[in-house]
Amino acid sequence: MCIRDSVALAVKGDYQAFESIVTRYEDKAYRLAWSMVKNDDLAADVVQDAFLNVYRKLDTFQGNSKFSSWIYRVIVNASLMKLRKKKRQSEVALDALGPTFLDDGHHAVTVSQWSMRGDQAALNQELRAKIVAAVDELEEKYQTVFVLKEVEGLSLEEIGEVMDLSIPAVKSRLHRARLFLRATLEGYLAD
């Protein structure tokens, strides 16, 4: 069944049609939410909030753009709202403070990859952390465009639809995000 048929049926109250929409987009929604909020629990909350909003507002989808662009926009907005709320209230999950254990009771220990030298693995991990920190420093409007393009792989046109921007505006924000990241990481990468 095509997405437009699923949307039409879901608007009429067909729960199975809505469930097929959720099944089709839940993985992409979670990846996008996680790349914006950087936390498993928050990303799950964002996805739940987003699909609840999709269900409530499905009848407002006019079909002028791709459904995937519309749903991405809902997820981006839900992510941004969750981040703003998180900034206002700081909380720490108790699970994050203690050790983790496997189902059999043994302590969960990650084993590093043996095919890579230890110093190279440490450098890769350090570089990844620097990149994530630099992306986190971007202003929201630049970070969102960067994540949609570089992490989610959306086209410039799709990003424009998601963020209600012209293609030149998307290109400009993406360019500024890349310039900021280059300037931020330049000193680290030069060493």
Side-chain angles (χ1 to χ4, degrees), residues 1-11 17-18 20-39 42-88 128 130-186 188-189:
M1 176 183 311
C2 78
I3 192 65
R4 293 206 184 269
D5 293 342
S6 295
V7 170
L9 289 171
V11 166
F18 183 73
S20 75
I21 293 170
V22 171
T23 302
R24 184 175 190 166
Y25 290 100
E26 66 186 338
D27 290 340
K28 290 179 182 181
Y30 181 82
R31 273 197 324 269
L32 175 58
W34 192 93
S35 41
M36 293 189 70
V37 299
K38 310 281 189 295
N39 178 291
L42 281 180
D45 287 348
V46 165
V47 170
Q48 185 175 359
D49 293 347
F51 279 118
L52 188 58
N53 286 335
V54 166
Y55 183 76
R56 289 180 183 153
K57 308 260 185 191
L58 199 56
D59 61 333
T60 65
F61 175 67
Q62 299 172 354
N64 300 335
S65 62
K66 286 182 170 181
F67 184 74
S68 60
S69 298
W70 184 75
I71 210 164
Y72 270 127
R73 186 176 195 161
V74 172
I75 294 161
V76 166
N77 289 339
S79 298
L80 294 174
M81 286 175 51
K82 189 64 77 174
L83 286 172
R84 289 182 192 124
K85 185 177 179 181
K86 184 182 172 204
K87 284 181 184 176
R88 286 192 301 263
R128 187 175 299 113
K130 294 278 188 193
I131 292 170
V132 168
V135 170
D136 285 346
E137 288 180 29
L138 284 168
E139 285 183 46
E140 257 179 24
K141 61 185 180 181
Y142 302 123
Q143 183 182 32
T144 303
V145 169
F146 183 81
V147 166
L148 288 173
K149 178 67 176 155
E150 301 301 337
V151 176
E152 293 303 315
L154 269 62
S155 69
L156 298 175
E157 293 80 14
E158 290 172 321
I159 296 169
E161 288 178 20
V162 168
M163 297 191 65
D164 197 24
L165 295 170
S166 66
I167 302 294
V170 171
K171 287 181 179 179
S172 174
R173 287 185 183 187
L174 188 58
H175 180 70
R176 288 180 183 175
R178 288 175 175 159
L179 286 176
F180 174 82
L181 293 172
R182 182 180 297 151
T184 303
L185 296 170
E186 189 173 46
Y188 176 77
L189 293 174

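Computed over heavy atoms, backbone and side chain alike; hydrogens, waters and symmetry mates excluded.
The CG atom of L165 sits 9.5 Å away from the CD1 atom of I159 when rounded to the nearest 0.5 Å. The distance from atom CZ of R31 to atom CD of E152, rounded to the nearest 0.5 Å, is 5.5 Å. To the nearest 0.5 Å, atoms CG (N77) and OH (Y72) are separated by 14.5 Å. For the atom pair S155 OG and E157 CD, the distance stands at 4.5 Å (nearest 0.5 Å). Between the CG atom of L174 and the OG1 atom of T144 there is a distance of 12.0 Å, given to the nearest 0.5 Å.
Smallest separation of non-hydrogen atoms from L9 and A17: CB-CB, 3.6 Å. Contact record, A43 with Y30: CB-CE1, 3.5 Å, taken as the closest heavy-atom pair. Counting all heavy atoms, side chain and backbone alike, A33 lies closest to V46 at CB-CG1, 3.6 Å. Between I75 and A50, the shortest heavy-atom contact is CG1-CB, 3.8 Å.
By the salt bridge (Lys or Arg N to Asp or Glu O under 4.0 Å) test, E161 is found to be paired with no residue, residues two or more places apart in sequence or in another chain being considered. Remark: R176 engages Y142, S172 in a side-chain contact (heavy atoms from CB on, under 4.5 Å) (not counting sequence neighbours). Residues satisfying the side-chain contact (heavy atoms from CB on, under 4.5 Å) test with K171, not counting sequence neighbours, are L156, I167. For D27, the salt bridge (Lys or Arg N to Asp or Glu O under 4.0 Å) test picks out no residue, with sequence neighbours left out. A search for side-chain contact (heavy atoms from CB on, under 4.5 Å) contacts involving L181 returns A134, V135, L138, F146, not counting sequence neighbours. Residues forming a side chain to side chain donor-acceptor pair (under 3.5 Å) with S65 (at least two apart in sequence, or on another chain): none. Under the side chain to side chain donor-acceptor pair (under 3.5 Å) criterion, W34 pairs with D40, sequence neighbours left out. Evaluation of the side chain to side chain donor-acceptor pair (under 3.5 Å) rule for T184 yields no partner, not counting sequence neighbours. For the side-chain contact (heavy atoms from CB on, under 4.5 Å) test, residues two or more places apart in sequence or in another chain that qualify with Y25 are I3, I21, F51, F67, S68, I71. Taking E26 as the reference, nothing meets the side chain to side chain donor-acceptor pair (under 3.5 Å) condition, with sequence neighbours excluded.
Within the structure, salt bridge (Lys or Arg N to Asp or Glu O under 4.0 Å) contacts touching residues 136-148 (residues at least two apart or in different chains) are K38-D136, R84-E140.
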Q: Run the numbers on L83 and V37 for side chain to side chain contact (heavy atoms under 4.5 Å, CB included), then give the verdict.
A: CA-CA 7 Å; L83 286 172; V37 299; 3.9 Å; yes
Q: Verify side chain to side chain contact (heavy atoms under 4.5 Å, CB included) between E150 and R178, making sure each step is shown before the conclusion.
A: CA-CA 10 Å; E150 301 301 337; R178 288 175 175 159; 2.2 Å; yes
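Residues M163 and R173 are in side-chain contact: their nearest non-hydrogen atoms beyond the backbone lie under 4.5 Å apart. A 4.5 Å side-chain heavy-atom check between R73 and D164 finds at least one atom pair inside the cut-off.
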Side-chain donor-acceptor pairs of residues 52-61 under 3.5 Å, sequence neighbours excluded:
residue: N53; atom: ND2; partner: D49; partner atom: O; Å: 3.4
residue: T60; atom: OG1; partner: K57; partner atom: O; Å: 2.6

